[in-house]
Amino acid sequence: MILAQPPTELQPGFAATLLVILVSATFTENILLTRFLGMCPFLSISRQLKSAVGMGLAVVFVTTCTCFLNATLYWYVLEPLKAYHIPAESLKLILFIVVIAAFVQLMEMLIERISIGLYFALGIFLPLITVNCAILGASLFMINKDLHGLSALVYGFGAGLGWMIAIVLMAGIRQRLKRSKVPAALEGPGITLIIAGIMAMAFVIFQGMIKL
Amino acid sequence: MTELWVILISAGLVLGISAAFAALLLVAERYLANYGQCVIDVNRGSRRLEVRGGETLLSTLMGRQIFIPSACGGKGTCAYCKVKVLEGAGTVAPTEQPLLTAEDVANNVRISCQVKVRNDMAIEIPGNLLNVKQYTGAVERIRDLTHDIKELRIKLTDPPTIEFVPGQYVQLMAPAYKGSPEAVYRAYSIASPPHDAGYVELIIRRVPGGTCTTWVFEHLAEGDEVSFNGPYGEFRLSGTDAEMVWIAGGSGMAPFWSIVRHMKQAQIARKCTYFFGAVRKGDLFFTDELRQLDRELDWFTFVPALSAPAESDQWDGATGLITEVVGKGVSDAAAKEGYLCGSGGMIDAAVKTLKGKGMPEEKIYYDKFT
């Protein structure tokens, strides 16, 4: 009698799998530059390096936590209900948004209470994240890739880290851009979108390196 | 299992999880975002407010009928709601930094819509802001002064009278209407004199696409109820008796129309020359009334000037840009005071002209309409 076993966390090579998930989520499947999710804050908060780092850290934090929470919700509540013909695939979209919104609100209140310094560095970006499609995207991709528990956590961290790398790179470029001559018609979002396109092309080189 | 059950269970699941999170957030708000009773000391003991913490300073003060000017409605963009916080504000938030000058930071000036009341505070606000109230009134008259400027005469109902210094402004509320989903406040100088205390007159120039002016020009009718708060502003006559040069254009007429009628009523015989600039004759208003005052009052001279009069205007008055007319009309300005009101560009040019005539910069007072 052979039962299909899902990979458990005690299997050999599990650490290597996690590393592959991390690299793949961060680079080869960079959520911003290959999926083009989370563009609004990417364009509006990338004017200054300092705020880009703050926003990036907030996204890393939120994707990591919400991916883990949503994985738990999906695999332990929604998936078992499939046996009773409950449309888990459709429900997950609604429930993931609810989880993300509630988590972000809660975190904002908590951080404001615990440390004003941390709130000013990170907390003020949280309300901007609630409706960020990159966060929801990370959770949905994670389910498609059949990631559980710790793998989901690492995937969320990687997706957030990839987004942060992209926005920090963009902020660096835009700070230098201030001192260069940009055609008047392309100033602001125009040139930023062109740069994002070139960056996305650069990230294409990671494609096919590893596949999850 | 029937499809009905599937739908019911799915709906119950979504509602249940949403309700659980809502309950969690309510509990969190109750305990985490509850900063208890806080005491705000205003102007070193002149008023003591006991408030519930957790809200921004701006909205907390507004809840206690202290109206700090704010044009953006607490979004942290207009920087009008600056308040001096002596104690209890904490560090400057990153959202405030771009709006504060180094001098502001040194003087503990903060953006009140970005400062939260988390503990006891001590603040300092200009004494006259304590007189700021919310007013309601009924529009008694709307009339066209020119093709794009209207005069609004509002009869006050609650409170029935207003006290202000001529030159100050109020913030008129344009309620939500089709095309503008939320109420906005816009600042307009009071054009009526303070002795006409039961009324407020505003002079409003149409801004193409402007939220408030579109409402005034297209939706507001005589008899409608309007509300505003005020008075605000430091633009007013100085306490000296130096000779004055007034320069205005367009709806910049408003404060001077109030001041000159107040001076006549209060018998303040301070010498002044009022230069009012427009493009054509059709852009001038109150010309007959002001010329009448010019004849009646020996201290008051009115100089309307047109920059590009049409042939049909048959204009024999001063011609040219307002700065050129002022340049010709004012000789030595070293001992005089300048009062300017109008668009930013006009004011910058007029300040330059007056300084060229020897007027010290600190004797030039202005109210920029933006």
Side-chain angles (χ1 to χ4, degrees), chain A residues 45 47-48 50-55 58 66 69-70 72-74 76-128 130, chain B residues 1-36 53-57 74-77 85 88-100 105 110-111 113-119 121:
Chain A
I45 319 275
R47 253 173 249 135
Q48 267 185 353
K50 203 179 151 199
S51 40
V53 171
M55 182 75 186
T66 56
L69 287 175
N70 284 334
T72 312
L73 176 70
Y74 187 81
Y76 290 98
V77 181
L78 290 176
E79 171 81 4
L81 283 173
K82 271 186 182 170
Y84 304 98
H85 306 286
I86 302 293
E89 294 299 319
S90 317
L91 289 183
K92 73 174 188 228
L93 183 65
I94 307 172
L95 288 175
F96 284 2
I97 294 176
V98 172
V99 169
I100 292 169
F103 176 77
V104 169
Q105 285 260 314
L106 198 63
M107 276 302 130
E108 196 197 350
M109 279 191 245
L110 197 67
I111 292 174
E112 190 180 354
R113 188 81 205 199
I114 294 169
S115 154
I116 289 296
L118 189 63
Y119 178 69
F120 284 161
L122 202 141
I124 49 164
F125 297 109
L126 285 178
L128 300 173
T130 321
Chain B
M1 228 189 315
T2 61
E3 293 202 344
L4 182 69
W5 276 109
V6 170
I7 293 172
L8 282 180
I9 293 176
S10 304
L13 188 70
V14 170
L15 285 177
I17 292 181
S18 305
F21 278 117
L24 183 68
L25 282 178
L26 281 177
V27 171
E29 197 166 357
R30 175 113 193 204
Y31 293 101
L32 281 181
N34 180 3
Y35 292 85
E55 298 264 330
T56 66
L57 182 58
K75 295 193 183 74
T77 57
V85 184
T91 46
V92 176
T95 40
E96 293 176 81
Q97 267 155 7
L99 306 172
L100 294 172
V105 176
R110 303 292 294 269
I111 306 294
C113 69
Q114 300 298 315
V115 173
K116 270 198 183 171
V117 181
R118 296 191 180 91
N119 37 261
M121 294 175 107

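FYI, side chains are in, hydrogens and waters are out, and symmetry mates aren't considered; it's all heavy atoms of this structure. Proteins come first, then strands; the chains are lettered A, B, ... in the order of their sequence lines, and each starts at number 1. Nothing here was measured: the structure is a model prediction, and the numbers come from that model.
- Leu13(B) CG to Leu95(A) CG: the interatomic distance, rounded to the nearest 0.5 Å, is 6.0 Å.
- For Ile94(A), the part lying under 4.5 angstrom from a heavy atom of chain B is the side chain only.
- Proximity to chain B involves both the backbone and the side chain of Val99(A), based on heavy atoms less than 4.5 angstrom apart.
- Of all the heavy atoms in Val6(B) and Pro87(A), the pair that sits closest is CG1-CD, 3.9 Å.
- You'll find the side chain of Val14(B) stays beyond 4.5 Å of the side chain of Val98(A), heavy atoms only.
- Summarising the geometry, atom CG belonging to Leu81(A) is positioned 8.5 Å from atom OG belonging to Ser10(B); distances are rounded to the nearest 0.5 Å.
- Rounding to the nearest 0.5 Å gives a distance of 9.5 Å between CD1 of Ile86(A) and CG of Leu8(B).
- The line from CZ of Phe21(B) to CZ of Phe103(A) is 10.0 Å long, rounded to the nearest 0.5 Å.
- Within the cation-pi definition used here (under 6.0 Å to the ring centroid, within 45° of the axis), Arg113(A) does not qualify as a partner of Tyr31(B).
- In the displayed structure, Glu79(A) atom CD is contacted under 6.0 Å by more than 12 heavy atoms of other residues, nucleotides or ligands.
- Within 6.0 Å of NZ in Lys50(A) there are 12 or fewer heavy atoms belonging to other residues, nucleotides or ligands.
- Leu106(A) touches chain B through backbone and side chain together, each having a heavy atom under 4.5 Å away.
- The NE2 atom of His85(A) sits 10.5 Å away from the CD1 atom of Ile9(B) when rounded to the nearest 0.5 Å.
- For the pair Arg118(B)/Glu112(A), a side-chain contact is recorded, criterion being any heavy-atom separation below 4.5 Å from C-beta on.
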